[in-house]
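Fair warning: this is a prediction, and the values are worked out from it, not measured in the lab.
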Amino acid sequence: MKATGIVRRIDELGRVVIPKEIRRTLRIREGDPLELFTDRDELMLKKYSPIASVERFAEGTAKSLNEQSGFLAVITDTDAVLAAAGQGKKGLVGKTLSDEMTDILASRRSYLASRADGGDVLPVAKDALEATAEIVVPIVSGGDCLGAVILLSQEEGAIMESSSVKLARLTADIIANQFE
């Protein structure tokens with residue numbers, strides 16, 4: 001754990017303000033759930049990710065999705081790539097999502113793009129591989145966006161077929177149902 005040198009007082013309601021620069025660095029936004037941990041006289045806050053609690057399930061799901069679609073399959077929470085399967089996965093797992101991808105998740109809308117059709121293919125993560133076609137389907141449960149199911153192709157002229165879109169939507173629904 002790294003010391004920040006910042007000291008805050010607890011108010012009469014038991015609240016502590018997390019400084020803006022720390023919230024920005026850790027990508028904590030208003031309304032984000034935080035998990036509390038204690039160890040003797042220490043208190044630790046961690047951004048809560050329900051999908052991270054089923055990481056093994058996400059890994060198996062990404063593998064199955066890759067086998068069925070033939071595309072690089074990616075499962076994310078709202079901050080980072082949790083699991084990936086297919087060619088190029090090593091360059092993605094554990095990386096922080098790009099700002100563009102965070103905006104897609106915040107909108108809770110699916111995104112489909114192909115360079116062959118003149119579409120704008122967005123980067124999944126910062127400093128990640130470049131794709132030529134992609135499908136992004138947010139995982140929404142109880143009105144909250146928990147992450148996304150993403151299919152990527154690196155083949156020149158690739159276009160995502162409707163069957164791949166349906167497969168990504170089905171996968172997102174299955175994951176979302178784990179939390180209802």
Side-chain angles (χ1 to χ4, degrees), residues 2 18-35 45-66 69 71-115 119-154 158 160 164-165 167-179:
K2 188 168 41 169
I18 301 170
K20 187 176 186 175
E21 51 276 359
I22 291 176
R23 292 192 320 260
R24 187 180 308 126
T25 302
L26 298 177
R27 298 173 60 118
I28 297 172
R29 295 176 294 279
E30 182 181 332
D32 283 351
L34 298 176
E35 195 169 9
L45 299 172
K46 181 179 177 188
K47 193 168 178 183
Y48 177 70
S49 170
I51 291 183
S53 67
V54 291
E55 196 165 339
R56 257 203 177 119
F57 178 73
E59 289 170 359
T61 302
K63 185 178 178 194
S64 295
L65 186 56
N66 166 255
S69 69
F71 296 117
L72 173 58
V74 179
I75 311 267
T76 76
D77 64 9
T78 56
D79 291 316
V81 175
L82 297 177
Q87 190 166 355
K89 73 177 184 176
K90 289 184 182 178
L92 285 172
V93 176
K95 291 219 175 182
T96 302
L97 294 183
S98 68
D99 293 337
E100 296 91 342
M101 200 56 59
T102 301
D103 291 343
I104 293 291
L105 297 185
S107 74
R108 292 174 175 74
R109 293 180 132 158
S110 296
Y111 186 82
L112 174 65
S114 171
R115 286 209 177 110
D120 191 17
V121 178
L122 305 175
V124 172
K126 298 173 182 179
D127 306 320
L129 61 95
E130 287 209 18
T132 56
E134 71 184 344
I135 299 168
V136 180
V137 179
I139 301 167
V140 179
S141 177
D144 294 327
C145 182
L146 306 177
V149 172
I150 303 170
L151 291 177
L152 300 168
S153 176
Q154 295 175 290
M160 296 291 184
S164 296
V165 173
L167 192 56
R169 283 194 179 130
L170 174 65
T171 304
D173 287 345
I174 289 169
I175 294 172
N177 286 332
Q178 298 296 309
F179 302 98

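- Annotation: side chain of D120 is in contact with side chain of Y111 (closest heavy-atom distance under 4.5 Å).
- Within the 4.5 Å cutoff, the side chain of V81 has heavy atoms near those of the T76 side chain.
- Residues S164 and L151 approach most closely at O-CD1, 3.6 Å, considering heavy atoms.
- Nearest approach of G147 to L105, heavy atoms of both residues: O-CD2, 3.6 Å.
- Side-chain contact between R27 and T102 is present, with at least one heavy-atom pair separated by less than 4.5 Å.
- Without hydrogens or angle criteria, S107 side chain to I104 main chain gives a donor-acceptor distance under 3.5 Å.
- Evaluation of the salt bridge (Lys or Arg N to Asp or Glu O under 4.0 Å) rule for E100 yields no partner, not counting sequence neighbours.
- The shortest side-chain heavy-atom distance between I139 and V149 falls under the 4.5 Å cut-off.
- Atom-to-atom distance recorded for L122:CG and D103:CG is 9.0 Å, nearest 0.5 angstrom.
- S114 contributes no side-chain N or O that, together with a main-chain N or O of G119, makes up a donor-acceptor pair within less than 3.5 Å.
- In this structure, S153 contributes its side chain and F71 its backbone to no donor-acceptor pair below 3.5 Å.
- Considering only heavy atoms from C-beta on, L45 comes within 4.5 Å of I18 through its side chain.
- For CZ of R109, the number of neighbouring non-hydrogen atoms (other residues, nucleotides, ligands) closer than 6.0 Å is 12 at most.
- Surrounding CZ of R23 are more than 12 heavy atoms belonging to other residues, nucleotides or ligands, all under 6.0 Å away.
- R115 places a side-chain N or O within 3.5 Å of a backbone atom of A131 that can act as its donor or acceptor partner.
- In this structure, the side chains of L146 and V140 stay at 4.5 Å or more apart for every pair of heavy atoms.
- With hydrogens and angles disregarded, a donor-acceptor distance shorter than 3.5 Å links the side chain of N177 to the backbone of D173.
- Using a 4.5 Å heavy-atom cutoff, the side chains of I174 and F57 are in contact.
- In this structure, K63 places its NZ atom where only 12 or fewer heavy-atom neighbours from other residues, nucleotides or ligands lie under 6.0 Å away.
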